[in-house]
Amino acid sequence: MIQLLEQQRQQIDQIDRELVRLFEARMHVVQEVAQIKSKHHLPILDAQREKQVITKVQGYLANPEFEDALADFYTELMRISRQHQQQWNDQN
């Protein structure tokens, strides 16, 4: 049993490495979005866009059981993205 648990934990570690790589890539693009919004005097928050993103990514799920959890995950991810945009704006 311990060996099976360790195998699952190793899989989670591998997934986490990939998530971190993707998170960094997303945050680089978020910074580019901040630059564009700043240049065109657009607000950081676009609530309608965020709703569209959540609906879109929920559509990617193979298992609809995870819809609420995915919405929570993306809500937090977009909050972090907005915070990063604000920090970029404050520094530039």
Side-chain angles (χ1 to χ4, degrees):
M1 172 157 148
I2 298 298
Q3 186 176 359
L4 289 174
L5 181 59
E6 186 57 32
Q7 288 174 348
Q8 296 309 103
R9 287 178 174 166
Q10 287 176 4
Q11 286 183 0
I12 288 172
D13 288 347
Q14 182 179 356
I15 292 166
D16 286 345
R17 282 190 294 276
E18 183 67 9
L19 284 171
V20 168
R21 185 189 70 75
L22 293 170
F23 176 78
E24 284 185 311
R26 190 180 202 283
M27 294 307 283
H28 286 295
V29 175
V30 163
Q31 189 168 318
E32 293 170 359
V33 167
Q35 293 170 351
I36 294 166
K37 286 180 177 180
S38 178
K39 181 178 178 181
H40 296 282
H41 308 288
L42 298 171
I44 291 173
L45 175 61
D46 183 345
Q48 185 63 30
R49 166 72 178 152
E50 290 191 8
K51 288 177 187 176
Q52 290 171 345
V53 168
I54 290 171
T55 300
K56 178 178 60 176
V57 297
Q58 284 174 322
Y60 299 154
L61 284 170
N63 185 344
E65 175 183 343
F66 302 129
E67 281 184 358
D68 290 343
L70 187 65
D72 291 344
F73 176 77
Y74 265 85
T75 297
E76 184 64 13
L77 182 59
M78 289 185 288
R79 184 198 64 77
I80 292 166
S81 297
R82 287 192 311 273
Q83 182 181 23
H84 183 68
Q85 287 182 43
Q86 186 61 56
Q87 288 171 345
W88 184 88
N89 282 345
D90 292 346
Q91 294 172 355
N92 293 290

- Only pairs at least two apart or in different chains count here, so list each side-chain hydrogen bond (donor to acceptor under 3.5 Å, both in side chains) that has a residue in residues 2-15. none

- Say whether L70 and I12 are linked into one hydrophobic cluster, either directly or through other cluster members, by side-chain heavy-atom distances under 4.5 angstrom. no

- Residue pair E50, R82: steps toward the side-chain contact (heavy atoms from CB on, under 4.5 Å) verdict: CA-CA 11 Å; E50 290 191 8; R82 287 192 311 273; 2.7 Å; yes

- Listed partners of E76 passing salt bridge (Lys or Arg N to Asp or Glu O under 4.0 Å), at least two apart: R79

- Examine Y74 and L45 and state if one hydrophobic cluster contains both, with Ile, Leu, Val, Met, Phe, Trp and Tyr joined whenever side-chain heavy atoms are less than 4.5 Å apart. no

Distance-only donor-acceptor pairs under 3.5 Å for side chains of residues 52-64, two or more places apart:
from: T55; atom 1: OG1; to: K51; atom 2: O; distance (Å): 3.1
from: Q58; atom 1: NE2; to: E67; atom 2: O; distance (Å): 2.9
from: N63; atom 1: OD1; to: E65; atom 2: N; distance (Å): 2.9

- Query: Can you name the side-chain hydrogen bond (donor to acceptor under 3.5 Å, both in side chains) partners of D90, sequence neighbours left out?
  - Reply: Q86

Under 3.5 Å, which donor-acceptor pairs link side chains of residues 24-39 to any protein atom two or more places apart or in another chain?
from: R26; atom 1: NH1; to: S81; atom 2: OG; distance (Å): 2.9
from: Q31; atom 1: OE1; to: H84; atom 2: NE2; distance (Å): 3.4
from: K37; atom 1: NZ; to: I44; atom 2: O; distance (Å): 2.6
from: K37; atom 1: NZ; to: Q85; atom 2: OE1; distance (Å): 3.4

- Item | E18: partners by salt bridge (Lys or Arg N to Asp or Glu O under 4.0 Å), with sequence neighbours left out | R21

